[in-house]
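Computation of the quantities below employed the complete heavy-atom set of this structure, encompassing side-chain atoms and omitting hydrogens, waters and symmetry-equivalent molecules.
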Amino acid sequence: MIAVRLGPDWRLAVVGTPAYFQAHPVPVVPQDLTAHRCINIRHSPGGSVYAWEFEKAGRKLTIRVNGPLLSNSIIHVLNGALDGIGLACVPEHMARPHIEAGRLIEVLADWSPLFEGYHLYYPNRRNTSSAFAAFVEAIRYRG
C-alpha cells in the first residue's frame with residue numbers, strides 16, 4: 001500500500017465560553033470533566049458516543065462525559081459550545097478563530113494529544129492512470 005499525507009497533524013481542544021467558566025470551575029485534569037456539562041458527539045447514527053481522549057507525559061486517558069446535547073455533527077457541537085450549553089471537544093483548527101476572538105476559552109491544552117494527519121491509501125500498482133497520479137499530486141499535503 002502507498003500512503004500519501006493529505007493534511008497536517010492535528011489535535012482536539014476542549015473549549016467553553018467565558019460565561020460558562022464564570023458559572024463553573026475550570027477543569028484542571030480530564031477527570032474534572034465528569035462534573036461539567038459536556039456536549040457529546042456520535043460518529044455515526046447507530047454508533048457509540050465518543051469518549052474524550054487525553055494524554056500527558058505518556059499517560060493516556062479516555063473520559064466519558066455527560067451533558068445536555070448529543071450530536072452527530074461537529075459543527076453542532078462547536079455551535080453548542082458557542083451558545084454556552086457546555087464544554088465541547090472539537091478539532092483545534094475549528095475552535096482557533098473563536099479562541100482568538102475571545103468567544104471561547106480552551107482548557108486542558110496540556111492534556112490534548114496530537115493526532116496524525118489524514119492520509120490517502122491506495123494499492124501499489126505500477127500502472128496507475130495519469131489522471132489518478134495527477135489527483136494524488138493535487139491533494140498531497142506539502143506542509
[X] side chain to [Y] main-chain N or O, any donor-acceptor pair under 3.5 Å?
X: Thr17; Y: Gly84; result: no
X: Asp9; Y: Gly117; result: yes
X: Asn40; Y: Leu69; result: no

Residue list, side chain to side chain donor-acceptor pair (under 3.5 Å) with Asp110, at least two apart or on another chain: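 Partners of Asp110 under the side chain to side chain donor-acceptor pair (under 3.5 Å) test: Lys56.
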
Rounded at 0.5 Å granularity, tell me how far [atom1] in [X] sits from [atom2] in [Y].
X: Ser112; Y: Glu53; atom1: OG; atom2: CD; result: 11.0 Å
X: Glu116; Y: Arg5; atom1: CD; atom2: CZ; result: 5.5 Å
X: Leu82; Y: Leu78; atom1: CG; atom2: CG; result: 4.5 Å
X: Arg42; Y: Tyr50; atom1: CZ; atom2: OH; result: 15.5 Å
X: Ile99; Y: Leu104; atom1: CD1; atom2: CG; result: 6.5 Å
X: Glu106; Y: Leu12; atom1: CD; atom2: CG; result: 10.0 Å

Least distance between heavy atoms, [X] atom then [Y] atom:
X: Leu33; Y: Val14; result: CD2-CG1, 4.3 Å
X: Cys38; Y: Pro68; result: O-CD, 3.9 Å
X: Ile39; Y: Ala81; result: CD1-N, 3.3 Å
X: Leu87; Y: Pro27; result: CD1-CG, 4.3 Å
X: Ile41; Y: Ser73; result: CD1-C, 3.9 Å
X: Pro18; Y: Gly102; result: CG-O, 3.4 Å

Below 3.5 Å, can you tabulate the donor-acceptor pairs from side chains in residues 133-140 to any protein atom, sequence neighbours excluded?
from: Glu137; atom 1: OE1; to: Arg142; atom 2: NH2; distance (Å): 2.8
from: Glu137; atom 1: OE2; to: Arg140; atom 2: NE; distance (Å): 3.1
from: Glu137; atom 1: OE2; to: Arg140; atom 2: NH2; distance (Å): 2.8

Parallel, tilted or perpendicular, judged at 30° and 60°: which one describes the rings of [X] and [Y]?
X: Phe54; Y: Trp52; result: tilted
X: Tyr20; Y: His36; result: tilted
X: Trp10; Y: Tyr118; result: parallel

Does [X] share a hydrophobic cluster with [Y], counting links as ILVMFWY side-chain heavy atoms below 4.5 Å and allowing steps through other members?
X: Phe132; Y: Leu6; result: yes
X: Val26; Y: Leu61; result: yes
X: Ile85; Y: Val49; result: no
X: Ile75; Y: Leu70; result: no

NZ/NE/NH1/NH2 to OD/OE distance under 4.0 Å, Glu55 and Arg59: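 Answer for the salt bridge query: no.
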
Ring centers of His119, Tyr141 separated by less than 6.0 Å: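 No, ring centres 6.0 Å or more apart.
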
Qualifying salt bridge (Lys or Arg N to Asp or Glu O under 4.0 Å) pairs, either residue in residues 23-38, two or more places apart: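 Listed by first then second residue: nothing to list.
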
4.5 Å side-chain heavy-atom contact, Thr34 and Asn66: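 A side-chain contact is absent here, since even the closest heavy-atom pair is not under 4.5 Å.
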
Residues, nucleotides or ligands: over 12 heavy atoms within 6.0 Å of Arg64 CZ: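 12 or below, so no.
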
Pair Val4-Tyr121, side-chain contact (heavy atoms from CB on, under 4.5 Å): steps then yes or no: CA-CA 6 Å; Val4 177; Tyr121 294 92; over 6 Å; no

